[in-house]
There are 2 protein chains.
Amino acid sequence: MSRTRVPVTLEEHKMALSCLRGRIVLIDDYPEILSALVPLFEMEGYYCESYLSAESYLDYDAERPLPFPGPWCVLSDVKLPGIDGLELQRVLIEKGNPPLILMSGNSGALEAVEGLRKGAIDFLIKPFDADDLLSVISDAMIKSCQTQQEAREVSNANERYALLTTREAEIIDRVLLGKINREIAEELDIALRTVKLHRQHAFEKLGVVKVVELVKVISLVKKD
Amino acid sequence: MSRTRVPVTLEEHKMALSCLRGRIVLIDDYPEILSALVPLFEMEGYYCESYLSAESYLDYDAERPLPFPGPWCVLSDVKLPGIDGLELQRVLIEKGNPPLILMSGNSGALEAVEGLRKGAIDFLIKPFDADDLLSVISDAMIKSCQTQQEAREVSNANERYALLTTREAEIIDRVLLGKINREIAEELDIALRTVKLHRQHAFEKLGVVKVVELVKVISLVKKD
DNA sequence: TAAACAACTACCCCAAAGGGCAAGGCAACA
DNA sequence: TGTTGCCTTGCCCTTTGGGGTAGTTGTTTA
């Protein structure tokens, strides 16, 4: 094993650390809000991007090569010129559904209900407390981590499952129903040895050794 | 098997049918609301109780012998004299957390946010459409059925799990980690035969035959 | 004090799982 | 036409699971 030491600037190092803590996409059409919140978030160790409109964020996001790899969330005002917070929510749900925190100046109950019903983490009503905000952000980051972790596991399981041939899938489906090899052989009208072989291949492809592990992997596949 | 035919009145039969469709506990301090909604719900085949205050419902509920066995939900106004909708929500969460739908005349964004954050199914803003209301009610009943079904399964699994002796639980824990009997025997420094015996007893008590079934039962126990 | 229960063990049995080795049939593809 | 992948099988072997019978020890309870 060789460790290569890549030279980095202090700036790059700081940014890497911030990304580790989490990235906040902040959208508000009031410049004062941005200039008040960005330093707050950066002080807390987050990496924060700010936008004056949902469009400017979405445009920037569209031309980006890869999705952000660490925990992140979007904090957006509901009332925005052009695409508003609720429309933004619809777009975000399409593309990965990152944790979204909505905020609003005037108490718009209808917007709040719609936003929360569609899965927003929270709906903050201005003016709000900085500590409350940070606490909500923290929750969002935790949720983001969990979601990403789970997404990785699910896609891993799906990739492995996709490697199975039709016959192999047929056989492990029956294994999961608690059937024993002999029963499966009779059901499919094939030799016991054949069942064992498919089962063995399927286990190898799925990267499992025991039935318990099999159940866990397949439970990830069969639930999206 | 003998079927006994119990004589019932037409009224009782109708009520039984309504209970099957679902029970709605309606709370609003405006009598006009109650007299408008109760017939609507009954027309739809629900069994509907109405109250002018949260207290009167909670009092009535306290002296009742058994919780309602079928699907049900609570539909309550937020602004009530005495105990308001949000306080009622706190109480309900304590006692079984049935599906709760909140409604409000004035657009109180703060209440809406708090209610939804604490798990209310929906927050309706008056005036609302009858069809919307019925659709939400229907969702709530579905959720109630699912919750009750799951609660039954979980409590069943817990009862069975509670029957296990310490040793038996130790052994099935290790079985769930994918360990084989020989490994478990070495770990606990007991004879292989003893492991088999405990395993056998545990399987009998849990009502399972295969490892796959074991995983399902225990997943219900280990997640509350 | 006897009974019930939990935990433990040895000896012995059979069924099932797991897998190595060798090999045939069939379809797609280069 | 040869290669490759998938599905198939038989023979034979070891390990593991599951369990019957019979017995010991210690603790709790009626």
Side-chain angles (χ1 to χ4, degrees), chain A residues 153-222, chain B residues 153-222:
Chain A
E153 284 171 9
V154 169
S155 81
N156 187 300
N158 274 304
E159 277 168 30
R160 286 171 176 277
Y161 188 79
L163 295 176
L164 300 187
T165 65
T166 321
R167 213 47 160 170
E168 285 163 357
E170 270 182 320
I171 278 153
I172 67 147
D173 282 351
R174 286 172 168 78
V175 169
L176 286 169
L177 290 174
K179 296 182 177 167
I180 63 177
N181 293 344
R182 184 178 43 74
E183 288 174 323
I184 300 172
E186 284 167 9
E187 245 180 68
L188 300 180
D189 198 33
I190 53 180
L192 180 60
R193 188 65 188 89
T194 312
V195 175
K196 289 183 182 181
L197 207 66
H198 285 312
R199 181 174 179 157
Q200 184 183 343
H201 291 159
F203 272 49
E204 281 165 8
K205 286 178 180 175
L206 294 172
V208 300
V209 184
K210 306 276 170 196
V211 182
V212 250
E213 302 164 23
L214 178 69
V215 176
K216 283 173 195 150
V217 172
I218 301 299
S219 72
L220 293 175
V221 175
K222 306 262 181 180
Chain B
E153 284 171 9
V154 168
S155 82
N156 186 301
N158 274 305
E159 276 168 31
R160 285 171 176 276
Y161 189 79
L163 295 176
L164 300 187
T165 66
T166 321
R167 214 46 163 170
E168 286 163 357
E170 271 182 317
I171 278 153
I172 67 145
D173 282 350
R174 288 171 166 78
V175 169
L176 287 169
L177 290 174
K179 294 182 177 166
I180 63 177
N181 293 344
R182 183 178 44 73
E183 288 174 322
I184 300 172
E186 285 166 9
E187 245 179 69
L188 300 179
D189 197 33
I190 53 179
L192 180 61
R193 189 65 187 88
T194 312
V195 175
K196 288 184 182 181
L197 207 65
H198 286 311
R199 181 174 179 156
Q200 184 183 343
H201 290 159
F203 272 49
E204 279 166 9
K205 286 179 180 174
L206 294 172
V208 300
V209 183
K210 308 274 172 198
V211 182
V212 252
E213 300 164 23
L214 177 70
V215 176
K216 282 173 196 151
V217 172
I218 300 298
S219 71
L220 293 175
V221 175
K222 306 263 181 180

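Chain naming here is simple, since letters A, B, ... match the order of the sequence lines and numbering starts at 1 in each. All figures in this text were calculated on a predicted structure; none of them were measured in a lab. Just the heavy atoms: all of them, side chains too, but no hydrogens, waters or symmetry mates, feed the values below.
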From CG of L188(A) across to P of dT8(D) the rounded distance in Å is 8 Å
Note to self: Is the phosphate of dG17(D) approached by N181(B) (side-chain N or O, under 4.0 Å from OP1 or OP2)?
What the structure shows: yes
Testing dG20(C), dT9(C), dA7(C) for proximity to the side chain of H198(B), the answer is dA7(C)
- With the threshold set at 4.0 Å, does a side-chain nitrogen-carboxylate oxygen contact exist between K210(A) and E213(A)? no
Separation of dC6(D) atom C1' from K205(A) atom NZ, nearest Å, is 9 Å
Please determine if D173(B) and K222(B) form a salt bridge, counting it only when a charged side-chain N lies under 4.0 Å from a carboxylate O. yes
Margin query: Tell me whether E183(A) contacts the main-chain N or O of I180(A) through its side chain, where contact means a donor paired with an acceptor under 3.5 Å.
Written below: yes
Atom CD of E213(A) and atom C1' of dG18(C) are separated, to the nearest Å, by 15 Å
message = Taking any heavy-atom pair under 4.0 Å as a contact, classify T194(B): base, sugar-phosphate, or nothing.
response = base
Correct closest heavy-atom pair for V212(A) and G178(B) would be CG2-CA, 3.5 Å
E170(B) CD to dA6(C) P, in whole Å, measures 15 Å
Of the listed dG10(D), dT21(D), dA7(C), the closest approach to the R193(A) side chain comes from dG10(D)
Separation of dC8(C) atom P from D189(B) atom CG, nearest Å, is 10 Å
Per side chain to side chain contact (heavy atoms under 4.5 Å, CB included), R174(A) is matched among V195(A), L188(A), N181(A) by L188(A)
Of the listed dG20(D), dG18(D), dC8(C), the closest approach to the R199(B) side chain comes from dG18(D)
From CG of L192(A) across to P of dA15(C) the rounded distance in Å is 13 Å
Atom CD1 of I190(A) and atom C1' of dT9(D) are separated, to the nearest Å, by 10 Å
Which is true for R167(B) with a 4.0 Å heavy-atom rule: it touches a base, it touches only sugar-phosphate, or it touches nothing? sugar-phosphate
The nucleotide from dA16(C), dT21(D), dA7(C) with an atom nearest the side chain of R182(A) is dA16(C)
Judged by nearest nucleotide, the residue sitting upstream toward the 5' end of DNA chain C, K196(B) or T166(B), is T166(B)
Atom CG of L197(B) and atom C1' of dA22(D) are separated, to the nearest Å, by 12 Å
Q. Would you say dG20(C) has OP1 or OP2 under 4.0 Å from some side-chain N or O of Q200(A)?
A. yes
